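Because the structure is predicted, anything quoted here is derived from the model rather than measured. In what follows, every heavy atom counts, from backbone to side chain, and hydrogens, waters and symmetry copies are set aside.
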Amino acid sequence: AYLADKTYLLGDQYTVADAYAYTILSWKDALKVNIDGWKHLSDYVRRNASRAKVRDALHSEKLAA
């Protein structure tokens, strides 16, 4: 599994690729796609969502409470 030994797509450093991937993967809920069966991918999405700047951006765009 690609993300098994990585924190982010390119390793330990968060990059614009992670911001883009998170944006695309965030459509999973609207499209009713369950990624829980892919542990590394669902963990990756949770890691992205837990970043303070991601939470701030979602809040400022009124995409999260």
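- A donor-acceptor pair under 3.5 Å is absent between the side-chain atoms of Tyr14 and the main chain of Asn48, judged by distance alone.
- Nearest heavy-atom pair across Arg51 and Tyr8 is NH1-OH, 3.2 Å.
- Smallest separation of non-hydrogen atoms from Ala19 and Thr23: O-OG1, 2.9 Å.
- Side-chain contact check for Asp12 and Thr7: at least one donor-acceptor pair (N or O, by modelled atom type) lies under 3.5 Å.
- Rounded to the nearest 0.5 angstrom, Leu25 CG and Leu31 CG are separated by 11.0 Å.
- Residues passing the side-chain contact (heavy atoms from CB on, under 4.5 Å) test with Lys28, sequence neighbours excluded: Val33, Ile35, Val45.
- At least one side-chain heavy atom of Asp18 sits under 4.5 Å from a side-chain heavy atom of Tyr44.
- Of all the heavy atoms in Arg47 and Lys6, the pair that sits closest is NH2-O, 3.5 Å.
- Considering all non-hydrogen atoms of both residues, Val54 and Ala49 come closest at CG1-CA, 4.2 Å.
- Lys53 is listed as a side-chain neighbour of Asp56, based on a closest heavy-atom distance under 4.5 Å.
- One hydrophobic cluster, built from ILVMFWY side chains closer than 4.5 Å, cannot hold both Tyr20 and Tyr22; they sit in different ones.
- Linking ILVMFWY residues whenever their side-chain heavy atoms come closer than 4.5 Å, directly or via other members, places Leu58 and Trp27 in the same cluster.
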